[in-house]
Structure formats: structure tokens, C-alpha cells
Number of protein chains: 2
Amino acid sequence: MTQDAFSETLITTASDQVFVDMRREIVEGSIEQGSKISEPELAKRYGVSRATLREALNRLESCYLVERKANVGCRVVALTAERLIEVYQVRSALEGLACRLAADNMAPDEVQSLKQLLNQHLQTQRVKEGESYYQEAGDLDFHFRIIKGSKNEHLIHLLSNGLYQLIRMYRVQMGMVGPRVSKAFDEHLAIINAIENHDGELAELLMKRHISASQANIQAKFDLLAAQKKAAQ
Amino acid sequence: MTQDAFSETLITTASDQVFVDMRREIVEGSIEQGSKISEPELAKRYGVSRATLREALNRLESCYLVERKANVGCRVVALTAERLIEVYQVRSALEGLACRLAADNMAPDEVQSLKQLLNQHLQTQRVKEGESYYQEAGDLDFHFRIIKGSKNEHLIHLLSNGLYQLIRMYRVQMGMVGPRVSKAFDEHLAIINAIENHDGELAELLMKRHISASQANIQAKFDLLAAQKKAAQ
DNA sequence: TTACTACGAATTGTCGACAATCTTAAAGAA
DNA sequence: TTCTTTAAGATTGTCGACAATTCGTAGTAA
């Protein structure tokens, strides 16, 4: 029984393992977006029965990575520009809330630890100059800590088990390693300061802006890729 | 193949039917909150195999009505005061967003139809004087229409398939038929006016307030019931 | 050629049985 | 007595097979 990195999923059963594996493959694009999922084929590939695979598919559906139709089957979700907007609208509202709650509920040592993490990121960033570390794992870590700091279990579940896998999927598959690294760092700093001052209103506002900027960044990348794709035809 | 009233669930398979039936029983309290669910027992009761039942349980889990632990089993969610607060914090953020979006995206005829519905509610209310109709179905209908008016599919799914069943569970089991009926009507009117004027900011604010009031109302009932329960011991 | 129908292959939904795990209760040791 | 250990019982997880439905194809008629 191990624990998964990207959500607090305890891996105890075979279907847990298949769920986590498939999730990784979908997020990273090994299993192509929009592609149909054949139950018999994948069951054989993961070495489990169809019942076990279907259990995993059910859970992938609840985090919006696949879509099912009765008697038809399962498809990996398709990353469209429209859906990106929808997801980020929801994310902004929820993570804004998380930030406001965190300003009230985060323990002082949690805040200190988060500030320390930011400093550490700054060091790493200076050395590696635009290395993808910060943008990927570091940014995720920052957001997760604030989400947890809200102490709202329902909200935490909704974001970390629900939305974030889909958001990661966009980021990974769009290849987000842009020039937003240093800007994002400053924004993170401002947010944590607001939280430290228990200024929930400001923290919420800053987080919403931060997320809007992130959305704009991904959207630009999306349009760029779409244009390249069109030119290649 | 029929359609379910409380979410756009198309009932095609046996597990669909079990899912909808169980959901109703849990929301209404026929299946007691906090109680353990025995797979063999319920499978027999619904006349399906365990596989089919488990499929339904998976979906009940994704709308937060049951909780599962690996190798241990399934429990109906317990309605606590803490959870009520958490859920309403999330609801307020999401439905506030829905309202803001609806102010931009709702079609004029949808707005008119909603105003008409409100008038109809007013008539009914005058006749039946505090009858539970408005509080239950009418209020739900109002909120659902605005949620749909946001045109954000992800948000719509999150609210109608996710949160609202849990919210209904609180309302039904707390026996919400209070004196908020007329007040709620006025609040609804103000909200739809803001939407009609495309004033998203105001609409969001009003909706958040409306939901806060609703939360306070349920919370009061919750405390009352808790006090009665304590006195009875 | 085009549209419709009917058939067959493949896929999904459902079932009953077996294996792995947890829970309960009894038995034994400190 | 109280705590630990162990074994039986029950419950969940997993499997392979069968039934129901869908999708593609070939064939027929207009």
C-alpha cells in the first residue's frame, strides 16, 4: 500500500493502481486525448480483468478525464479552448475561495513553511534559469498548500481530486514552460503575504488575478499550437 | 429509457435505475444517513447483481452521497454542521459565478421565462400559504435555470450532478418549510432583475447573499434539531 | 448511384463464483 | 481482569463467461 503523489489517493487495490497509472498516461498524453478507450484492450494491457478496469474508468470519469456513454463506451476528454475557459472560470472561483479561507485558517507554521518553500524556489530558479521545475511541480505544490490551508475538506477534494488533474493535463500537453516563471513567483509572494496578514479579501483577489494570468498564458499557447497545426496541413 | 427529474441523467441501464433510486432514498432519508451499506443486502433488495450495485455506488460517491473505504465498504454520508458550512461555502462561490455568467449569457427568452415562473410561484404561494411547494421544487427550479443560464457546462455538471443532491439532502432531512418563503421570493426577484440588466457583479453579490441566508436558515434548523435530540435523551 | 435493411462482429452491461481482506468473538497469557 | 492472539464468519475485490446493445458491412431495391 503506497501513496500517490498528485492526490491523496491511497493505493491499496488493483483498481487503485490502474486508476493512478491511467491518470498519468492520460495527463501526459501517452493515451491520446479524445481517443476511444477499448475495455478489453486496456484490461489486457494492464493485466487486470474488465471489472477492475471499469472501476478505474469510473473514477477517471469523476475527475473529468474520460467521458462515458451508456452502451457506447469511454472516451478520453478532448482539450478544447472552450473547455479550458470553462475550467478556469470554475478554478478561479474555487481557488479564490480557498485563498480567502486560507487567510483565516492557515496555521502560522504552515504559512512560514510556504514562505520558505518560495525562497527555495527562488534559489532553484536562479540556478537553473527557466528550468521547468518551478513551473510544474513547484507551482502545483504552492497551490496545493493553500488549498489545504483552507481547511475545507469538500473544497480540497473538489480541487485536488477533481479539477487539478484536468488542469495539469492542459499544462503538460500544451508544454507550459514559458516566460511566466518569474512573474508567477512575484504573484505567489504577494498572495502569501496577504494570507499572512489575514487579508482574505486581498488574497482572493490576487489569486483570481494570478489564475487569470495563467489562463491567458495557456490560451495563447493553445492558439499558437492550433495555428501551427493549421499551417502544417 | 426515461429521464430523471433531478439531474439530466438518462436512465438506460440497470445501474442507472439503481443509482437514481438509491439517490432518492438517501436524499429523502429512507436509507439512513451515516448508515453502512451492505452490498449483498442492497443488491438483493434492488434485484441486481453486486457488479451493478457497485457501479451505482461509484456514482453515488462522485456526488458525495456515500463514502467508500477500500476493503471496508460504503457508508452513507453523515450530515454534520461542519459539512453544511463547507458545502455552502463552495456552493456560494460556484453559484455566485453561475449568476455572474448568466447575466452575460442567458438568452432573453430564458430570462422572460424565468420571470414568468416567478410570477407563477407568487400566485401559487398566495393560494397555498406556506405550502412546501415553492420552497422545494420551485426554489430548485429557479436555481437550476440560472445555473444552466451560465452556459458553462463544467459548472453546470459540478452543481447539478455534484453539489445539489447533497444540498437537497440537508434541506429535505432538516424539513425545510420555514418562513423564508416570501423573503426568498423577493431575493429571487432581485436576482433575476440584475441578470436582466446584465449586471453580473450585482447578480453575483445578490446570489451569494441569498445563499448565505439560506445557509443560516438551515443551520438554525440544524441546531434546533440537535437541541431537541439532546433534550430527548 | 443512393438509400435503406439486415446481418454479423465487436463492444458494453450484467451475472455468479472465487480469492483476498477485514471484523468479531472467543481463547489464552500476563 | 485486561490485553493479545487466533480463528471463524462475513464483506469486499477480482475474475471469466454470458446477455444485450451498438456499429460496420454487405446486400438489395429504387
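Sequence lines set the chain letters: A, B, ... in the order given, protein chains first and strands last, and positions in each chain run from 1. Values below: every heavy atom of this structure, side chains too, minus hydrogens, waters and symmetry copies.
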Can you tell me if [X] uses its side chain to pair, donor with acceptor, with the backbone of [Y] under 3.5 Å?
X	Y	value
A:Ser62	A:Asn58	yes
A:Gln215	A:Leu84	no
B:Ser92	B:Gln89	no
A:Ser113	A:Asp109	no

Checklist entry - Parallel, tilted or perpendicular: which fits the ring planes of A:His157 and B:Tyr64, with parallel below 30° and perpendicular above 60°? => result perpendicular
Next on the checklist: Once you measure the plane-to-plane angle for A:His143 and A:Tyr164, does it fall in the parallel (<30°), tilted (30-60°) or perpendicular (>60°) bin?
Outcome noted: tilted
Item to check | salt bridge (charged side-chain N to carboxylate O under 4.0 Å, His left out) contacts in which one or both residues fall within residues 151-165 of chain A, not counting sequence neighbours | outcome: A:Glu110-A:Lys151
Checklist entry - Using a distance-only test with no angle check, is there a side-chain donor-acceptor pair under 3.5 angstrom linking A:Asn217 and A:Ser214? => result no
Check the interface with nucleotides 6-8 of chain D: list each N/O to N/O pair with the protein under 3.5 Å, or write none.
none

Checklist entry - If you look at every strand shown and take non-hydrogen atoms under 4.0 Å, does B:Ile37 touch a base, only sugar-phosphate, or nothing? => result sugar-phosphate
Item to check | Stepwise side chain to side chain contact (heavy atoms under 4.5 Å, CB included) check, B:Tyr46 with B:Gln17 | outcome: CA-CA 10 Å; B:Tyr46 286 106; B:Gln17 187 65 56; over 6 Å; no
Nucleotide N/O to protein N/O under 3.5 Å, stretch nucleotides 15-18 of chain C:
unit_1, atom_1, unit_2, atom_2, d
C:dC15, OP2, B:Ser49, N, 2.7
C:dC15, OP2, B:Ser49, OG, 2.9
C:dC15, OP2, B:Thr52, OG1, 2.6

Item to check | For DNA chain D, the residues among residues 66-73 of chain B that have a non-hydrogen atom under 4.0 Å from it | outcome: B:Arg68, B:Ala70, B:Asn71, B:Val72, B:Gly73
Checklist entry - Quick one: do A:Arg59 and A:Glu55 make a salt bridge, cutoff under 4.0 Å? => result no
Under-3.5 Å N/O pairs linking protein and nucleotides 7-9 of chain C:
none

Next on the checklist: Going by ring-ring contact (aromatic ring centres under 6.0 Å, His included), name the pairs with one or both residues in residues 73-104 of chain A, residues two or more places apart or in two chains.
Outcome noted: none
